[in-house]
Amino acid sequence: RTSQRRDFNIVVLGAGGVGKSCLTAQFVQNIWIESYDPTIEDSYRKQIDVDLGPSSSARGTSTYICNRELYMKTGQGFLLVFSITSPSSLYELQELREQIISIKDDDNVPIVIVGNKSDLEEDRMVSRSKAFAVSQSWGNAPYYETSARRRANVDEVFIDLCRQIIRKDNS
Ligand code: GDP
């Protein structure tokens with residue numbers, strides 16, 4: 001079993017208020033922060049293990065950058081976050097994805113679609129099937145529902161994205 005150390009540049013994008021800061025705080029610091037000042041741009045690092053199957057694993061120090069088009073260029077993978085309580089926040093992701101593809105000039109960029117606030121099921125306004133339809137139209141980008149509040153599926157979305165980046169680099 002071999003282990004490699006490497007860095008990933010992950011960019012977290014989405015409409016204001018969908019929970020990008022809260023998700024990132026849960027992932028990086030394991031804390032729930034009820035309210036943040038509106039975040040323009042932040043950068044964080046966290047070390048994680050990504051298990052790639054029986055023969056290898058990657059130990060990476062990862063950088064997370066929020067919110068700026070500028071980072072679309074350097075980002076290797078993107079978490080595109082909407083809120084399951086806000087149809088317009090899902091709609092906004094379409095345009096972000098198009099910007100990423102055009103800035104990187106690559107239509108095969110590692111992306112994970114994140115429907116956050118899954119704890120607010122009673123306020124859901126985006127069905128799973130709607131989100132899956134978007135995922136399919138994006139070449140089957142993985143779709144996860146998360147709750148930053150309950151720390152549900154938070155690690156999973158970052159780890160899935162790292163796996164995609166590794167797979168892409170190896171191919
Ligand atoms: P950002 O603008 O995308 O960075 O959004 P924030 O992380 O600042 O979150 C916006 C608001 O949504 C805050 O009031 C958070 O408390 C709330 N929020 C974020 N994630 C969740 C979640 O998973 N569940 C619930 N119920 N509220 C959340």
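Values below: all heavy atoms of this structure, side chains included; hydrogens, waters and symmetry mates excluded. Both ligands and their constituent atoms are indexed starting at 1 by order of listing.
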key: N/O separation below 3.5 Å, Asp119 to ligand 1   = yes
ask   = Under 3.5 Å, is there a donor-acceptor pair between the side chain of Asn116 and the main chain of Val18?
value = yes
key: Donor-acceptor contact present, side-chain Lys20 to main-chain Gly14, <3.5 Å   = yes
Which segment of Ser83 sits under 4.0 Å of ligand 1 when only heavy atoms are counted = neither
task = May I ask you to decide whether Lys117 forms a salt bridge with Asp123, counting only side-chain N to carboxylate O separations under 4.0 Å?
result = no
key: Under-4.0 Å heavy-atom contact with ligand 1, by part of Phe82 that carries it   = neither
remark   = Numbered in order shown, the ligand 1 atoms found under 4.0 Å of a heavy atom of Ser147 are 23 (O)
task = Take the angle between the ring planes of Phe82 and Tyr143 and call it parallel below 30°, perpendicular above 60°, tilted in between.
result = parallel
Under 4.0 Å to a heavy atom of Cys22 - the qualifying atoms of ligand 1, by number = 7 (O), 9 (O), 15 (C), 19 (C), 20 (N)
query = Are any side-chain N or O atoms of Ser83 and backbone N or O atoms of Thr85, one a donor and one an acceptor, separated by less than 3.5 Å?
reply = yes
Minimum non-hydrogen distance to atom 2 (O) of ligand 1, winning option of Ala152, Gly115, Gly17 = Gly17
key: Contact check: Lys117 vs ligand 1, nitrogen or oxygen atoms, below 3.5 angstrom   = yes
inquiry  = Taking 4.0 Å as the limit for heavy-atom contacts, which would you say applies to Asn116 with ligand 1: side chain only, backbone only, both, or neither?
reply    = side chain
key: Pair Ser147, Asp119: side-chain N/O donor-acceptor within cut-off below 3.5 Å   = yes
inquiry  = I need the contact type for Leu120 against ligand 1. Using non-hydrogen atoms and a strict under-4.0 Å cut-off, is it side chain, backbone, both or neither?
reply    = side chain
task = Let me know which of Ile100, Val109, Ile101 forms a side-chain contact (heavy atoms from CB on, under 4.5 Å) with Met72.
result = Ile100
inquiry  = So if I count the atoms of ligand 1 from 1 in the order they appear, which ones are less than 4.0 Å from some heavy atom of Ala148?
reply    = 20 (N), 22 (C), 23 (O)
inquiry  = Among Val11, Val12, Ile10, which residue satisfies the side-chain contact (heavy atoms from CB on, under 4.5 Å) criterion with Phe78?
reply    = Val11
inquiry  = Does this structure show an ion pair linking Glu145 with Arg124, if we count only N-O contacts that are shorter than 4.0 Å?
reply    = yes
message = So for Gly14, does at least one of its heavy atoms come nearer than 4.0 angstrom to any atom of ligand 1?
response = no
message = Under 4.0 Å from a heavy atom of Gly16: which atoms of ligand 1 are those, numbered in the order shown and with their elements?
response = 2 (O)
Any N or O of Arg149 closer than 3.5 Å to N or O of ligand 1 = yes
request  = Heavy-atom contacts with Ala15 under 4.0 Å: which atoms of ligand 1 show up? List them by number with element.
outcome  = 3 (O)
